[in-house]
Amino acid sequence: MIGSLVPLAYGDLDWGLCPRERLEHLLATNGVNFARERDVWAEFLSRARAGDVEGEVARSSGVHSVLPPEGVSWERWAEWLDIRLSEVADDPSSTVDLPDHLPGWRSYASELAPGAQDLVQRALARVAPPETSTMRDFVVVDAGAPVGAVLRGDEDSAEEEPVVSHALGVVLERTDRLRVVRVNAVDPSRDERFPRWSSSWPLLTAVLGGWFSDAALGQGDPWFQQAAMLASETDEVLTGLVREGRELLLLDDTDLRAFVASTGSCIQPDHLRWWFEWMFWRIETFDWKKPA
């Protein structure tokens, strides 16, 4: 166990939406001695490099995880952390301004209503395979009759009311064939600009719905879902996500949120822009495929 900040940031696996979020939240906390954190980590890393750096970092860094917090290499993650701690020590203004409360995700979907299975089967028979290169995708299908209730929020209040829905959110996965992963009742309303947006950013549209919708997440953890996405989607898809994402982040916050909601994604925190920035950063910074 070394230092104080690293075990706090990574020790209990309570990483919120992602490990970077947890780290940056702690770095922005008053009273952190950046120079000390940098020096303690640098000293630890220097000792680790004298032997089995991968094993030493995995065993003694204070991270209670089989896998590194980011990527598949303990050494690469440790080196990046060394750089980040040096950055904030040299320039404390480089910390990230995050909200005090970091909620996980907002769920608007519902389990299917009893007796809706026949409707689901007929609706699924009408699903056309999406023309994308992603492993996962997400489509919304009109079942033609009520299939469940979803929560719809009022923009002027924090209250949400259940609304009967005729729409199904369907998560599709391509392996040796196209299969249905999960189906939920969803709110079918989408921004009128969504067809144009989805045409411009097809990979983001597929990945956000296919991996981060209610139907995709279920009761799962958003971070482990993202890690699974990074490990499962091809390098070509991940590179395309970054390319599309840089264009996406040119939108203002209102339009950015409208696009994300329209994809079916329930990852909509106050710091949504940072969530995207960190996703694109980790694609460009770490390897996510285990060596064969």
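Note that this is a predicted model, so its numbers are computed, not measured.
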Exercise. Counting only heavy atoms not in D91, do more than 12 fall under 6.0 Å of its CG?
Worked result: yes
Seminar exercise, completed: Which of V147, V120, V170 passes side-chain contact (heavy atoms from CB on, under 4.5 Å) with V141? It is V170
For this session: Applying side-chain hydrogen bond (donor to acceptor under 3.5 Å, both in side chains), run through E233 and W211 and close with a yes or a no.
Result: CA-CA 11 Å; E233 296 288 355; W211 290 95; 2.8 Å; yes
For this session: Decide yes or no for F138 and L172: does some side-chain heavy atom of the first lie under 4.5 Å from some side-chain heavy atom of the second?
Result: no
Exercise. Backbone N or O of D191 within a donor-acceptor pair of the S262 side chain at under 3.5 Å?
Worked result: yes
For this session: Kindly say whether the aromatic ring centers of W281 and W80 come within a distance under 6.0 Å.
Result: yes
Exercise. Mind checking whether Y10 and W77 have parallel, tilted or perpendicular rings, split at 30° and 60°?
Worked result: perpendicular
For this session: Apply the side-chain contact (heavy atoms from CB on, under 4.5 Å) test between R36 and each candidate in V40, D39, V32; give the one that qualifies.
Result: V40
Problem set entry | Heavy-atom closest pair, residues V96 and A28 | O-CB, 3.6 Å
Seminar exercise, completed: Minimal heavy-atom distance between F34 and T95, with the atoms involved, is CZ-CG2, 3.8 Å
For this session: Return yes if a side-chain donor-acceptor contact under 3.5 Å exists between S200 and E247, otherwise no.
Result: no
Problem set entry | Aromatic ring proximity W201/F259, centre distance under 6.0 Å | yes
Exercise. Rounded to the nearest 0.5 Å, what separation is found between the CG atom of L85 and the CG atom of L5?
Worked result: 7.0 Å
Problem set entry | K289 (side chain) donor-acceptor with L230 (main chain) under 3.5 angstrom | yes
For this session: Over all heavy atoms of both residues, which pair between H166 and D142 is shortest? Give the atoms and the distance, please.
Result: O-OD1, 3.4 Å
Exercise. Any side-chain heavy-atom pair from T285 and R76 closer than 4.5 angstrom?
Worked result: yes
Exercise. Distance only, no hydrogens: is a donor on one side chain within 3.5 Å (strictly under) of an acceptor on the other, for T134 and T132?
Worked result: yes
For this session: Evaluate whether atom CD of E284 has more than 12 neighbouring non-hydrogen atoms of other residues, nucleotides or ligands under 6.0 angstrom away.
Result: yes
Exercise. Quick one: are E56 and R47 in side-chain contact, heavy atoms under 4.5 Å?
Worked result: no
Problem set entry | Heavy-atom pair of closest approach, residues L208 and S265 | O-CB, 3.8 Å
For this session: For G210 and R136, work out which heavy atoms get closest and say how close.
Result: O-CD, 3.1 Å
Exercise. Which atoms form the tightest heavy-atom contact between E21 and G16, and what is the distance?
Worked result: OE1-CA, 3.4 Å
For this session: If the plane angle is over 60° it's perpendicular, under 30° parallel, otherwise tilted; pick one for W41 and F44.
Result: tilted
For this session: Answer yes or no on whether R246 is positioned over the face of F280, meaning its NZ or CZ is under 6.0 Å from the six-membered ring centre and within 45° of the axis.
Result: no
Problem set entry | Separation between CG of L241 and CG of L248, rounded to the nearest 0.5 Å | 10.5 Å
Exercise. Is the shortest heavy-atom distance from the side chain of E87 to the side chain of I83 under 4.5 Å?
Worked result: yes
